[in-house]
Amino acid sequence: MFRKLPSRTRVCHAVLAAAAGLLLSGAASAQGVLNVYTTREPGLAAPVFEAFTKATGITVNSVFVKDGLAERVKAEGSASPADILMTVDAGNLLDVVDAGVTQPVNSPVLTAAIPANLRDPNGNWFALSLRARLLYAAKDLKLSSMTYENLADPKWKGEICIRSGQHPYNVGLTAAYIVHHGEAKTEEWLKGVKANLARKATGGDREGARDILGGICDLAIGNSYYVGLMRSGKGGPEQQKWADAIDVVLPVFEGGGTHVNVSGAAVAKNAPNKDNAVRFLEFAVSPEMQAIYAKANFEYPVIAGAQVDPVIAALGPLKVDPISLVEMAKARKKASELIDRVGFDN
Amino acid sequence: MPVAAAFGVAAFVLLPVLALIAIAAQGSGDLWPHLIDNVLPTALWQTGVLLVGVGISVTLVAVPCAWLVATCAFPGRRWLEVGLLLPLALPGYIVAYSYLDVLHPLGPVQSALRWMLGISSPRGFQLPDVRSAWGCIFVLSCVLYPYVYLSARASFLVQSASALDAARALGAGRWRTVWRVALPMARPAIVAGLTLALLEVLGDIGASEFLGMRTLTVSVYTTWVNRSNLPGAAQIALVMMMFVLVLVAAERAARSRARYGGGGSARPPALVPLTGMAGVAACLFCLVPVLLGFGVPLLHLLFAAIKRIEFSGISPNLLVEARNSALLAGGGTVLALALGFLVTLAQRLVPSGLTAGLARLSTLGYAIPGTVLAIGLLTPLAGFDNLVDQAARQTFGISTGLLISGSGAALIIAYAIRFLAISVGALEAGYGKISPNLDMAARSLGRSRRGAVRHVHLPLMRTALATAALMVFVDGMKELPATLLLRPLGVETLATHVYGEAARGTYEDGALAALLIVLVGLVPVLMLARLSYTSLAGAAQGSRSG
């Protein structure tokens, strides 16, 4: 009995020593470093990080913080190692700014490259890519055009698949609906769409395509880049089959265009490597990097004239909805409340 | 001294709770009327449905299985005794991903059904969608029944034959004996296991959210993330914690008045042989939960992992991620064990309402959803780091950076707080088996109090300590929400890898990492099974010879 105890103590010591090694590996504040906190899936920005390191010799450390980016940076305060904060959705960018964890950047390169409606007037955030919220339709419907309004038409009863209404992508779409038509009509629309759902509003966008192939629904709402990921074969042969089962329609608002959102970045308020951070942003909006970044995730670039992936180009011309992103982001709270009120996710 | 230590542990656990209260006190604006009208009724109802559904199904599955393997001899019993524990190695969110694939119209089950029925298109025939309340109850029951099985089996094993014989002698039939004697004697163990399982249901976010349920925890999460209202989220979380406290207190109160004698000192009953059809039926009954909770998801993961390897190769990061997972979970285990020991020791050395209360307080972390716990921890830990950093800058002119919140230490602390309940529970059970007479004997033989602890308690507690360590380690490996928020720059674990892939809607990509979580988790589960088997067998043997 007693003989065995020391061995366990030794195991404990080994664990503690190894854990100490792990702790130290987290700290890095040498020269030539850029620390990125991102809510984007790891891997998406990796090609740009690698190109940046190759071009400048600056090492990029990144951490994928799914939720709580602003809270974490805020709590870390002046000792925070974060230089760049990357996130998707205009609303999330505004939230990060509102949390007071960003700093304004005055860069002629950035203001010249990025259209004014795709960046903060004070330079607190910059969009780096665009994505559109599209309609996936079963092939036999032979659908070539559609409005978002039409999704509430009772003829689609039991035929629509969509992810959680409270997901930022759908809150954004609903917020855009409010900007176009006001709250009352938006609530009616949400009720109509809810009544048309084929299953619970959950999962991811790609499951919409899968469920169309599986015969669960005829229509699904999904982002543009998922089409690229599925059709290009990057997601594997099964997803290619899902993509083959759908036509992709670029829906529009009546009297407007297709709903888009952004991915973007901000420089952290207490960035220890601010120069590197600005350098990175300027690097990311160069035409080559815009093409690489957009292609890496099948998105649309923010600068004019940069290439998009052929799979995305084949979807046809994108007519961007002209409403202001900031207006849309402001309507998000109301949108989220309406989504609860109609019990969209219940 | 022990009481002071217990105070320290309780204060440590209360740290994130106090931070949450501070966050909640910031006020959530006009959120509450909206929550009360539109969110909370649904959240309460769906949480209730899950609790009742999972509670009933795990009891109906786990108790008969535990009783069969503990008291009957039938084909495959020894395999099933261990096999029934295996689902412990599987996180609920991974099982949810698996079953969506397996039960999807494009998956093997429905494809086979269509083939048998001669229907060519999935449009012609569909089973109900797994993304529903029943699907969620099914998935959670699959992974949570072992909690009830584990404690119920242990209880059935140590029930003395004399009580059961007395019942038979008094004319009770076999079933009546089970119903009126064996089950009531096992009730506290069943309730204890059930409470753990239901707390897991309350705190679950992965499976519930994925399958489209709107539980309280999911509401906390959406209020914070999608409504950007952290104070509101903290408020819901505090309400939820009060519910949990009431639940746990009720369980304690129900148990405290009852006294259950017997235990290891009495003669254990001989196994009742089940032959022929009865034996086959018993075997099948115990086999089904193993297949559904472990076999099917594991097979699915294996297939998915092979497909992924063929398609995109093996990520070289997997080994590093596996190491990170094991190290962080290991660190959390050591800390949870140390803190748990301090708390139970205080209860043992200075038994009073105070130390018992401190023990209950220190288990509060289990009731806090991982996401919320992480937020609550972030504020005080990072605040401490900033103080240290500023002091170092002013006095030495160097920056220490984020010592705790920027390193794995924050996660280790989070795991320890979150899973302290498991360690305290197991250690309390361990102490329950050491008679206080032994302490007196040790002291009268000249040992100091410390010596008694060291030479009597620790050796006798080895099994309890190991059980606690293994259970905390497995849970730490599976933990996702706090890991996502608190892990240091550039550190990925297996769980965050799986989730990172699932966040893109490609959980197939994470199949290999998911498989690794299961395989790494399997080792401690098997050790746990071996441990509970040998220790109880040892107890039984000891009592046989004694």
Side-chain angles (χ1 to χ4, degrees), chain A residues 1-2 4-5 12 15-16 18-19 22-29 35 41-42 61-68 71-72 75-81 95 164 166-168 171 199-207 210 213-216 226 235-238 333 336-337 340-341 343 345-346, chain B residues 34 38-39 42 104-106 121-123 126 129 131-132 209-212 214 222 225-228 230 311 324 327-328 330-331 334 371 374-375 378-379 382-383 385-386 389 399 401-402 405-409 412 458-459 462 484-485 487-492 496 499-500 503-506 508:
Chain A
M1 256 180 192
F2 293 84
K4 277 202 169 168
L5 270 176
C12 288
V15 168
L16 284 176
L22 188 69
L23 303 189
L24 292 175
S25 71
S29 58
N35 296 323
E41 302 80 29
N61 300 315
S62 68
V63 64
F64 164 54
V65 183
K66 173 74 185 2
D67 303 307
E71 284 84 359
R72 176 161 167 178
E76 288 174 351
S78 62
S80 173
D95 281 349
S164 163
Q166 287 294 358
H167 190 277
V171 175
R199 57 154 164 84
K200 280 213 178 222
T202 185
D205 282 353
R206 261 181 277 200
E207 272 154 48
R210 180 201 209 185
L213 178 60
I216 293 175
Y226 289 118
E238 278 184 12
K333 180 165 178 278
S336 164
E337 282 173 16
D340 276 343
R341 198 185 302 164
D345 289 342
N346 293 352
Chain B
H34 171 72
N38 301 312
V39 177
T42 315
H104 194 270
L106 302 175
S121 159
R123 278 164 199 272
Q126 304 233 324
D129 202 275
R131 287 159 287 198
S132 58
E209 195 209 5
F210 187 71
L211 296 174
R214 312 281 300 158
T222 48
V225 174
N226 297 335
R227 245 187 294 272
S228 313
L230 185 58
F311 179 64
N324 289 346
L327 277 181
L328 290 168
V334 171
T371 322
I375 284 287
L378 197 53
T379 320
D385 285 342
N386 268 295
D389 184 58
S399 166
L402 298 167
S405 59
S407 70
I412 289 173
L458 274 179
R462 270 183 30 199
L484 267 179
L485 188 66
R487 88 206 121 98
L489 212 57
V491 172
E492 289 283 341
T496 62
Y499 192 77
R504 306 167 59 178
T506 54
E508 306 90 340

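Naming convention: chains lettered A, B, ... in sequence-line order (proteins, then strands); numbering from 1 in each chain. Quick caveat, the model's predicted, so the values are computed rather than measured.
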Heavy-atom distances under 4.5 Å only: say whether B/L230 touches chain A with side chain, backbone, both or neither.
-> side chain
Backbone N/O of A/A79 and side chain of B/N386: donor-acceptor pair under 3.5 Å = yes
Is there a donor-acceptor contact under 3.5 Å linking the side chains of B/E209 and A/T202?
-> no
Pick one of side chain, backbone, both or neither for A/D95, based on which atoms fall under 4.5 Å of a heavy atom in chain B.
-> side chain
Is a side-chain N or O of A/S80 found less than 3.5 angstrom from the main chain of A/G77, in a donor-acceptor match?
-> no
Which answer fits B/D129, side chain, backbone, both or neither, if we ask what part of it has an atom under 4.5 Å from a heavy atom of chain A?
-> side chain
Is a side-chain donor or acceptor of A/D345 paired with a backbone partner of A/S164 at a separation under 3.5 angstrom?
-> no
Does the A/D340 side chain pair with the main chain of B/N38, one donor and one acceptor, at a distance under 3.5 Å?
-> no
Go through B/L328 and B/I412 one step at a time and tell me if the side chain to side chain contact (heavy atoms under 4.5 Å, CB included) criterion holds.
-> CA-CA 6 Å; B/L328 290 168; B/I412 289 173; 4.3 Å; yes
Most chain B-contacting option - heavy-atom pairs closer than 4.5 Å, from A/P168, A/S78, A/G343 = A/S78
B/R131 portion near chain A, given a 4.5 angstrom heavy-atom threshold = both
For A/R199, is it the side chain, the backbone, both or neither that has a heavy atom under 4.5 Å from a heavy atom of chain B?
-> side chain
Do the non-hydrogen side-chain atoms of A/R210 and A/E238 ever get within less than 4.5 Å of each other?
-> no
Output the option from A/K333, A/H167, A/K200 having the highest count of non-hydrogen pairs under 4.5 Å with chain B.
-> A/K200
Residue A/V171 versus chain B: region with a heavy atom under 4.5 Å = neither
Best-contacting candidate, A/L213, A/D205, A/I216, against chain B by heavy atom pairs under 4.5 angstrom = A/I216
For each of A/G236, A/G214, A/S336, tally heavy-atom pairs with chain B at distances under 4.5 Å, and name the one with the top tally.
-> A/G214
Is it true that a side-chain atom of B/D389 and a backbone atom of B/L402 form a donor plus acceptor pair closer than 3.5 Å?
-> no
Per-residue contact mode, B/I375 against chain A (heavy atom under 4.5 angstrom) | side chain
